[in-house]
Every structure is written in structure tokens, then in C-alpha cells.
Novice: 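Got a structure here, written out as C-alpha cells. Questions coming.
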Amino acid sequence: MITISNITKSFGSLQVLKGIDLHIERGEVVSIVGPSGAGKTTLLQIIGTLDRPDTGTVCVDGVDTTTLSRKKLADFRNQHIGFVFQFHQLLPEFTAIENIMIPAFIAGKSQKEARQRALELLTFMGLADRADHKPAELSGGEKQRVAVARALMNNPAVILADEPSGSLDSKNKAELHQLFFDLRDRYGQTFVIVTHDETLAGITDRTIKMKDGMLED
């Protein structure tokens with residue numbers, strides 16, 4: 001599903017990634033852990049095509065994304081990759097269902113098709129009754145589940161999450177962590193999760209450890 005080879009990345013004189021080789025199977029739930037500054041988020045952004053490596057190749061769902069033009073890369077990202085961040089990043093002026101539908105509109109889908117898919121996801125999340133509520137009217141856990149639903153809108157092959165439970169209390173953390181596995185079982189997505197949460201890392205299929213821009217054995 002995801003194969004990266006000899007990935008390096010520098011910002012000025014600081015080399016953040018120092019030759020990363022990694023393969024992640026389809027349907028795996030993988031956590032990436034390590035101290036701050038290890039390069040975890042940079043690696044996630046490169047896998048997600050938000051940034052380009054200095055060297056190496058990144059293949060996602062059979063496509064070498066390092067060869068794509070900016071336009072084709074944006075289209076690929078919209079259709080194949082979903083993102084979940086520590087802070088939900090919902091648009092405050094839109095309702096929950098409208099926030100979820102946005103990636104579908106970017107992909108050119110009709111309002112009817114987008115709304116049907118968004119309602120399906122909200123129902124799966126247990127949030128069907130919150131569809132018309134704006135983010136300010138939702139709890140922290142509800143907002144993060146809406147953000148996960150938005151990431152799933154176009155049925156991407158890969159979900160990338162950066163500290164997805166970092167802003168949640170213990171109860172909502174546990175529910176969000178279980179949700180990732182329920183979604184994998186229901187929709188078959190591959191999950192790559194950057195986290196400092198030892199509990200989450202402990203239940204993923206595989207934990208990848210990073211230090212000083214390299215993978216630890």
C-alpha cells in the first residue's frame with residue numbers, strides 16, 4: 001500500500017530525514033513514535049504528498065507520487081488520502097455534515113451523492129443527530145469524529161493522522177482509538193498515526209520508532 005525508499009529531507013542546513021525506507025501493508029494500522037524533532041510529522045507530510053522529499057520515492061496505492069505534477073498531486077491527494085489532525089480544523093461557519101461534504105465537492109461529486117455519503121459516515125460515528133450542528137455546538141470528541149468522517153468522505157485508501165487524540169480527555173481518546181480499528185474493519189483503510197500516546201501505539205498492528213531522522217531497529 002505504502003512504500004517509501006531512501007527518503008531524505010532538509011530544511012536549510014538541518015537534515016530532518018536521513019534515508020528512510022518503509023513499507024506498510026494494505027489495511028495495517030501503524031503508529032509512528034519518537035521524541036519531538038525525530039522527523040515524524042515531516043515523514044507523515046511526505047507520505048501524504050503535502051511536502052516533497054529531497055531524494056527518494058514515495059509510492060501510495062501503486063502510484064509513485066514523486067513523479068506527479070502539482071495539479072495531479074492535488075487530485076491524487078483528494079481522492080486517495082485522508083487527513084486527521086490534533087485539532088479538528090473544522091470550518092466554524094459550516095455544520096457538521098457540510099464540513100464532511102467539502103472533500104466530495106472538491107472532487108466534483110453532486111450534492112446528493114455527497115450528502116448521502118456524509119450521512120452514512122455520521123450514522124456510523126453515532127452522530128446522525130448532530131448533522132446540522134456547527135462545531136461550536138459539538139463536544140471535543142464529537143468534533144474529532146466529524147473530522148475523521150471528513151477524512152473518509154472520498155473513501156481514500158490511506159488515512160494519515162497526526163496526534164489525533166492529543167487534545168482529548170481519556171474517555172474520548174479511548175473511543176477515538178477504537179474508532180480507527182472499527183473503520184479499518186468496516187472500510188478497509190490503511191492508517192498511519194503519528195502519536196505520543198503510548199496506549200494508542202500499544203494497540204496498533206505495528207509501531208515504528210524514529211530518532212534523529214532515522215528509523216530505529
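The structure presented is a predicted model; accordingly, all values stated were derived computationally and were not measured. Values below: all heavy atoms of this structure, side chains included; hydrogens, waters and symmetry mates excluded.
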Novice: Do Thr8 and Thr55 have a side chain donor and acceptor closer than 3.5 Å?
Specialist: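 Yes.
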Novice: I would like to know whether Ile46 and Leu17 meet side chain to side chain contact (heavy atoms under 4.5 Å, CB included); could you show each step before the answer?
Specialist: CA-CA 10 Å; Ile46 287 174; Leu17 299 178; 3.7 Å; yes
Novice: By side-chain hydrogen bond (donor to acceptor under 3.5 Å, both in side chains), which residues pair with Asp61, not counting sequence neighbours?
Specialist: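 Listed in chain order: Arg26, His80.
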Novice: May I ask whether Leu22 and Ile81 are part of the same hydrophobic cluster, defined by side-chain heavy atoms of I, L, V, M, F, W, Y residues being less than 4.5 angstrom apart, directly or through others?
Specialist: yes
Novice: For Asp64 and Thr66, test the side chains for any donor-to-acceptor distance below 3.5 angstrom and give the result as yes or no.
Specialist: yes
Novice: Out of curiosity, does Phe85 fall in the hydrophobic cluster containing Ile102 (side-chain heavy atoms, cut-off under 4.5 Å, transitive links)?
Specialist: no
Novice: With the side chain counted from C-beta on, respond yes when Lys40 and His196 share a heavy-atom pair under 4.5 Å apart, and no when they do not.
Specialist: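 In short, these two side chains touch, coming nearer than 4.5 Å.
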Novice: Do Thr57 and Asn6 have side chains that approach each other closer than 4.5 Å (heavy atoms only, starting at C-beta)?
Specialist: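 Heavy-atom side-chain distance check fails, nothing below 4.5 Å.
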Novice: State whether the side chain of Gln116 and the backbone N or O of Glu113 hold a donor-acceptor pair below 3.5 Å, judged by distance alone.
Specialist: no
Novice: Between Leu200 and His177, is any pair of side-chain heavy atoms under 4.5 Å apart?
Specialist: yes
Novice: Quick test of your reading of the model: are Arg117 and Glu120 salt-bridged, counting only N-O distances below 4.0 Å?
Specialist: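 Result for this pair is yes, salt bridge flagged.
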Novice: Can you tell me if Gln144 uses its side chain to pair, donor with acceptor, with the backbone of Gly141 under 3.5 Å?
Specialist: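 Not a single qualifying donor-acceptor pair exists.
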Novice: Would you find more than 12 non-hydrogen atoms of other residues, nucleotides or ligands less than 6.0 Å from Glu198 atom CD?
Specialist: no
Novice: Just to verify, which of Lys209, Met210, Arg206 counts as forming a side-chain contact (heavy atoms from CB on, under 4.5 Å) with Ile32?
Specialist: Met210
Novice: Any donor and acceptor pair, going by atom type alone, linking the side chain of Ser5 with main-chain N or O of Asp21 inside 3.5 Å?
Specialist: no
Novice: So Val192 and Ile159, do their side chains get closer than 4.5 Å, heavy atoms only?
Specialist: no
Novice: In Å, rounded to the nearest 0.5 Å, how long is the span from CD of Gln89 to CZ of Arg150?
Specialist: 7.0 Å
Novice: Report yes or no: do Lys109 and Asn154 form a side-chain donor-acceptor pair below 3.5 Å?
Specialist: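 The answer is yes; a qualifying pair exists.
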Novice: According to the interplanar angle, ranging from 0 to 90°, do the rings of Phe180 and Phe191 count as parallel (below 30°), tilted (30 to 60°) or perpendicular (above 60°)?
Specialist: tilted
Novice: If we count only N and O atoms by modelled type, under 3.5 Å, do the side chains of Asn172 and Asp169 hold a donor and an acceptor together?
Specialist: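 Yes.
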Novice: Are Asp205 and Arg184 within salt-bridge range, i.e. N to O under 4.0 Å?
Specialist: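 Here Asp205 pairs with Arg184 in a salt bridge, since their nearest N and O are under 4.0 Å apart.
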Novice: Tell me whether Ile2 shares a hydrophobic cluster with Leu68, the cluster being built from Ile, Leu, Val, Met, Phe, Trp, Tyr side chains joined at under 4.5 Å.
Specialist: yes
Novice: Is it true that the side chains of Thr207 and Ser31 contain a donor and an acceptor less than 3.5 Å apart?
Specialist: yes
Novice: Quick one: closest heavy-atom pair of Asn99 and Pro103, and the distance?
Specialist: O-CD, 3.9 Å
Novice: Would Gln189 and Asn155 count as a side chain to side chain donor-acceptor pair (under 3.5 Å) if you check the C-alpha gap in whole Å, the side-chain angles of each, and the deciding distance to 0.1 Å?
Specialist: CA-CA 8 Å; Gln189 268 90 11; Asn155 196 29; 3.1 Å; yes
Novice: If you take all heavy atoms of Pro135 and Leu91, which pair is closest and at what distance?
Specialist: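 Heavy atoms only, the tightest pair is CG-O, 3.7 Å.
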Novice: Under a 4.5 Å cut-off applied to non-hydrogen side-chain atoms, are Leu152 and Met125 in contact?
Specialist: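 Leu152 reaches Met125 side chain to side chain.
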Novice: Determine whether Ile97 and Arg115 satisfy the following criterion, side chain to side chain contact (heavy atoms under 4.5 Å, CB included), listing intermediate values before the conclusion.
Specialist: CA-CA 7 Å; Ile97 193 167; Arg115 188 173 182 84; 3.7 Å; yes
Novice: Quick check on side-chain contact (heavy atoms from CB on, under 4.5 Å): which of Ile208, Leu160, Leu44 does Val194 satisfy it with?
Specialist: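 That would be Leu44; it is the only one of Ile208, Leu160, Leu44 passing the side-chain contact (heavy atoms from CB on, under 4.5 Å) with Val194.
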Novice: Side chains of Thr41 and Asp162 only: does a donor on one sit below 3.5 Å from an acceptor on the other?
Specialist: yes
Novice: Would you say Ile100 and Leu179 are hydrophobically clustered, going by side-chain heavy atoms of ILVMFWY under 4.5 Å?
Specialist: yes
Novice: For the backbone of Asp212 and the side chain of Lys18, can you confirm whether one donor and one acceptor N or O come within less than 3.5 Å of each other?
Specialist: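 Yes; at least one donor-acceptor contact below 3.5 Å.
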Novice: Check Gly39 against Val16 and note the closest heavy-atom contact, atom names and distance.
Specialist: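 Closest approach of Gly39 to Val16: CA-CG1, 3.9 Å.
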Novice: Find out if a path of hydrophobic residues (ILVMFWY) with successive side-chain heavy-atom gaps under 4.5 Å connects Ile203 to Val84.
Specialist: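 Hydrophobic grouping puts Ile203 with Val84.
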Novice: Search all heavy atoms of Phe181 against all heavy atoms of Thr204 and return the closest pair with its distance.
Specialist: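 Taking every non-hydrogen atom into account, CZ-CA, 3.8 Å.
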Novice: Would you call Asp182 and Arg186 a salt bridge, using N to O less than 4.0 angstrom?
Specialist: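 Not counted as a salt bridge, because no side-chain N and carboxylate O are separated by less than 4.0 Å.
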Novice: Which residues, ordered by chain and number, are linked to Met214 in its hydrophobic cluster, where ILVMFWY side chains connect at heavy-atom gaps below 4.5 Å, directly or through other members?
Specialist: none
Novice: For residues Gly126 and Asp129, report the shortest heavy-atom separation together with the two atoms involved.
Specialist: O-OD1, 4.1 Å
Novice: Quick one: list whatever passes ring-ring contact (aromatic ring centres under 6.0 Å, His included) with Phe83, sequence neighbours left out.
Specialist: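 Here no residue qualifies.
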Novice: Is it the case that Lys9 places NZ or CZ above or below the six-membered ring of Phe11, under 6.0 angstrom from the centre and within 45 degrees of the axis?
Specialist: yes
Novice: If the test is side chain to side chain donor-acceptor pair (under 3.5 Å), which one of Lys171, Lys173, Gln178 qualifies with Glu175?
Specialist: Lys171
Novice: Within the 4.5 Å heavy-atom criterion, are Met1 and Val158 side-chain neighbours or not?
Specialist: yes
Novice: Say you draw a straight line from NZ of Lys134 to OG1 of Thr95; how long is it, rounded to the nearest 0.5 Å?
Specialist: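 These two atoms lie 8.0 Å from each other.
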Novice: Looking only at heavy atoms, what is the nearest atom pair of Thr123 and Ala128, with distance?
Specialist: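 Smallest interatomic distance, heavy atoms only, reads OG1-CB, 3.8 Å.
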Novice: CG of Leu73 to OG1 of Thr67: how many Å apart, nearest 0.5 Å?
Specialist: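 Rounded to the nearest 0.5 Å, the CG-OG1 separation comes to 9.0 Å.
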Novice: Run the salt-bridge test on Glu142 and Arg130 with the 4.0 Å N-O cut-off and return the result as yes or no.
Specialist: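 Yes, charged N to carboxylate O under 4.0 Å.
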Novice: Could you check whether any side-chain heavy atom of Thr65 comes within less than 4.5 Å of a side-chain heavy atom of Arg52, counting everything from C-beta outward?
Specialist: no
Novice: Are His133 and Leu127 close enough that some pair of their side-chain heavy atoms sits under 4.5 Å apart?
Specialist: no
